[in-house]
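We count residues from 1, following the sequence as given. Computation of the quantities below employed the complete heavy-atom set of this structure, encompassing side-chain atoms and omitting hydrogens, waters and symmetry-equivalent molecules. Just so you know, ligand 1 is whichever comes first in the structure, and atom 1 is the first atom listed for that ligand. For clarity, every value in this text was computed on a predicted model and none was experimentally measured.
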Amino acid sequence: MGENPLSAGGGRRPRAGTRRLLVAGALGALGTVTALAASVPAGAAAGTLGAAAAQSGRYYGAAIAAGHMNDSTYVATWDREFNAVTPENEMKWDATEPSRGSFRFTSADQIVSHAQSKGMKIRGHTLVWHNQLPSWVSGLSTTDLRSALVNHINNVMGHYKGKIYAWDVVNEAFADGGAVGTLRSSVWTQKLGNGFIEEAFRAARAADPNAKLCYNDYNIDDANANKTRGVYNMVKDFKARGVPIDCVGLQSHLSQGSVPSNYQQNIAQFAALGVDVQITELDIGGSGSAQADAYRRVTQACTAVPRCTGITVWGITDKYSWRSGDNPLLFDGNYNKKQAYTAVLDALN
Ligand code: 9MR
């Protein structure tokens, strides 16, 4: 089944360089030279990750923790380099609905208002997950769990309605290992059955019809892995039956030696199902040129597929990474740009 060239996001976008040439010509004729100072001349390389990604209509984001926003270099680096954000923990169930029916958005709002003031895209993460789930949820009966699920989606998506580019509606539902299509056993499968994913996506579409709805997972980077095939079959089935789904998130928590050789083919096979693909939690353990090469390959794999719409790295600086010791990010602990940073910037340009 091929990609519909008429579908949203399905066609190639004009290169920004072309637009800039036209704009430069028009402005030049008016003699407004100063208006050009802030933009990148056609053909020139952009100097930041966000600007470089924007040249092909993509975003380059980072996971941000509200707790680090008092670190001025952290915020300055975020503002300078990135044009998108995913709250690292602040939108998860334990943060937003710690007790039944009582919603808290203070930390997430802090990230969202900052991002909005800078015109960044915001990814919502995440509505339905087996982790960071308060214990009250696990104690519910099937009927109560179903209504709690819909109520959670309605309230969290409702609070951010119109502000979120894409939501990770369901996170990490597939099992590691096992036969193709095996779901991880959780309170969701145990009480609602495998249909909980579909229920969540249907509720999400109703709650904010303008947000893109993504399925997000790790270890689905290899085109032929059983876990990947399971997600692929689900997306294909959802598309065939009209269950709303708009995107697949490849978390891509990788190491410098573990970028699958078919990584680009994998992105392309999901895109061919008629969904966008986003690299949602990228980090690559390693160092030096090997780490840089791995980052370059991942970046090029995304830019080679028109429906790969953006990349998010899972943090800014190694010092706050969840993988302490792996140094998997683009900036070191002192916010110096690593070789990996330059490789990504060059690949985007
Ligand atoms: O980076 C997050 C870390 O701060 C939390 O302690 C952890 C708790 O589960 O979640 C981390 O983020 C995860 C993300 O939400 C989903 N995919 C895996 C990420 C890394 O564990």
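Under 4.0 angstrom from ligand 1, there are no non-hydrogen atoms of Asn216. The proximity of Thr126 to ligand 1, defined as any non-hydrogen pair under 4.0 Å, does not occur for either the backbone or the side chain.
Below 4.0 Å from some heavy atom of Glu88 lie the following atoms of ligand 1, by number and element: 1 (O), 2 (C), 3 (C), 4 (O).
Taking the six-membered ring for Trp and the full ring otherwise, the centers of His68 and Trp78 sit at least 6.0 Å from each other. Aromatic pair Tyr165/Tyr59: centroids less than 6.0 angstrom apart. Taking the ring centroids of Tyr74 and Tyr320, they lie under the 6.0 Å cut-off. Aromatic pair Tyr218/His253: centroids not less than 6.0 angstrom apart.
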Subject >> Test ring pair (Phe, Tyr, Trp, His ring centres under 6.0 Å) applied to His130 and Trp188, step by step >> reply: CA-CA 8 Å; His130 62 277; Trp188 304 115; 10.0 Å; no

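Which of Gln132, Lys92, His253 comes nearest to atom 13 (C) of ligand 1 through a heavy atom is settled by distance: it is Lys92.
For Trp322, no nitrogen or oxygen atom sits less than 3.5 Å from a nitrogen or oxygen atom of ligand 1, counting backbone and side chain alike. Considering backbone and side-chain atoms together, Asn171 places no N or O closer than 3.5 Å to any N or O of ligand 1. Between Glu172 and ligand 1, at least one pair of N/O atoms sits closer than 3.5 Å.
Put simply, part of Trp314 is less than 4.0 Å from ligand 1, judged by heavy atoms.
In terms of protein heavy atoms, atom 18 (C) of ligand 1 is closest to Glu281 OE1, 3.2 Å. For atom 5 (C) of ligand 1, the nearest protein heavy atom (residue, atom name, distance) is Asn89 OD1, 3.3 Å.
The CG atom of Leu273 lies 10.0 Å from the CZ atom of Arg307; values are rounded to the nearest 0.5 Å.
Side-chain atoms of Gln110 do not come within 3.5 Å of backbone N or O of His114 as any donor-acceptor pair.
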